[in-house]
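Reminder, nothing fancy here: chain letters follow the sequence lines and each chain counts from 1.
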Amino acid sequence: MIKWLRMYRLLIAASIRSRMEYRFNFWFSTLMAVIINVVEFLMLAVILLKFGHIKGWTMEECGYLYAVLTLSKAIYRTAASDVHHLEKYLVGGDLDALLLRPIPILLALMSQNFQLKAGELIQGTAILTICMGVMIRQGQMTWTAIPLTMVVIMSGAVLLFAIGLLTATAGFWILRIEELQNITEDAARTAAQYPMSIYPNWLQWLLIGGIPVAFANYLPSLYIVRQQMDWWIIPLSCAVAFLVLGAALAAWRVGISRYQSTGS
Amino acid sequence: MIQVTDLQKQFKTLRKKEGAAGGLRTLLSRDYQVKEAVGGISFAIEPGEFVGYIGPNGAGKSTTIKMLAGILHPTSGTVSICGMSPHRERRRVTRRLGVLFGQRTGLWWDLPVKDSYDILAAMYGQDNRVKETRLAQLSELLALGEFIDTPVRKLSLGQRMRADIAAALLHDPDILFLDEPTIGLDMIAKRSIRNFLKQINCELGKTILLTTHDMDDIEQLCKRVMVINHGKLGFDGSIDRLRSRIGLPTKIRVCYASQVPPCGSLPDTRLQLISQEGRTLTISCNREELSAMEALRLLEQLGIIEDVHMEEPDFEDIVHQIY
């Protein structure tokens, strides 16, 4: 395990050095990501400022939901960027080179084309700090919420990674996965940025039982922010995250054996 | 060292549906098209052998190599590399293997060549001293010094191929799989690569399996040749036996100074007429039976020769003659 972590760090370092060969592109793409994030959050903020709340969720509470999810996603995409881009490897046969190395393929893939999601990390942290600050001062939550929130962010990152990996693995069967990713990763995550009570019942159940992104932020915050649920929702959320991860890893192993490479 | 038994690989592809919602119907259908890339081949390779693996495009060469290297999982049959299965024990097998795909690099594209070696050494758990000695040895053999600090993307093809060969050898594997290591290189670069490979085989004692489209590679390097076509092994034996099987078919085009009479019969039965256009005759002969000089002497009997053009047959022709 330690060995693999060291290997991972080494490969990430190599990946950063590669990217730094194209400095302009590196900084420009980081800047663009920041702008996109700010615009996205402004939309949410405009709605909140206009109405004051969404279905009984105050501005700080909505900000909390948004920030927790943003941070989870940023951690997942920073730590495992090219899992999201597996399609490129399957269609182009680039997985060949990774399979020739004496390290787990997933580790090799995760360390390719490292991208620090700096924009999302900074913005997420800022919003989270502000919102939690307000809520602690108002007595809506105590200091214990801070470590709990960190656990929720990490477990959410594992969950989003697991969903992403499961979706990518489908590529071993269907090759092109972009459309599928639009639904399982992008649409589901966008939906989870808002309080789930605004959605019809069937959609709520889909986001709990189907693509369980509700466990990344909404359900845990029902306990941390609103005390509408009991403490067990936190360990349950972690359990769900690791369960999906286990399923994804199992599927991945089967998927690898179906890899078809390309003609040369 | 390498043991392959009844190895098969089939690729299943969904048959595409036409028309509206064709994509969706394709996804839901079970209408597979099965293409057999490798259809039950068996062979064994002993330590220290240098084996050529040839065949036309799409014959199943790369698929075989990819199954041996653990990239593809066979549909049926078994592969054993040093007693291990490359798809079940992929990570352990990769330690015993050096693999080179001539069309692709295994190096880090944007980093200096040296960095790639550092990363690879770390992956194989080589300590620094072993790595440096090994690198010094390879550097001398492959003349890496001139470009070791250059990013891979700036190397010439010949340099890149040498860098890739060194990368495949860095962890001191017993076996090398080389998939078209001379593709796209000029004559000089080809010659130097061949020399390296010869040394790697003779001096370092590596077992090498080489696929190529270049007959010269095979003639100069391999003692044993395997020919694959349509996924089946058509020939497995020494280069001499292959030569006696196909001979040395040669095409000679002779242009005469004056019109030659239309000749139904050539001066010798070992010459065959392919075509005649005005003053030009195209003739085929087998240089195993008839040397080029002899053939010309015979053809001179028909008239004064102005120009001669000789053609070695292309590779695909040779392979087709084996069947």
Part of A/Leu95 within contact of chain B (heavy atom distance under 4.5 Å):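 Contact with chain B involves no heavy atom of A/Leu95 at all.
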Portion of A/Gln260 that has a non-hydrogen atom of chain B nearer than 4.5 angstrom: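 A/Gln260 touches chain B through backbone and side-chain heavy atoms alike.
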Looking only at heavy atoms, what is the nearest atom pair of [X] and [Y], with distance?
X: B/Arg104; Y: A/Gly92; value: NH2-O, 2.7 Å
X: B/Lys66; Y: A/Ser261; value: NZ-OG, 2.8 Å
X: A/Ala14; Y: B/Leu111; value: O-CD1, 3.8 Å

Stepwise side chain to side chain contact (heavy atoms under 4.5 Å, CB included) check, A/Ile256 with B/Arg90: CA-CA 11 Å; A/Ile256 286 289; B/Arg90 181 185 69 82; over 6 Å; no
Any side-chain heavy-atom pair of A/Ser18 and B/Trp109 under 4.5 Å: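 A side-chain contact under 4.5 Å is absent here.
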Within-4.5 Å side-chain heavy-atom neighbours: A/Leu11 and B/Met123: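 Yes; the side chains approach each other to less than 4.5 Å.
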Best-contacting candidate, B/Ile119, B/Thr105, B/Val93, against chain A by heavy atom pairs under 4.5 angstrom: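 Maximum pair count with chain A is reached by B/Ile119.
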A/Arg101 to B/Trp108, cation-pi by 6.0 Å centre distance and 45° axis angle: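 Positive - A/Arg101 is close enough to the ring of B/Trp108 and near enough to its axis.
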Residue from B/Leu97, B/Leu100, B/Ile71 passing side-chain contact (heavy atoms from CB on, under 4.5 Å) with A/Leu100: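 Going through B/Leu97, B/Leu100, B/Ile71 one by one, the side-chain contact (heavy atoms from CB on, under 4.5 Å) with A/Leu100 is satisfied by B/Ile71 alone.
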Contact origin within B/Arg153 toward chain A - heavy atom pairs under 4.5 Å: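 Looking at B/Arg153, just its side chain touches chain A.
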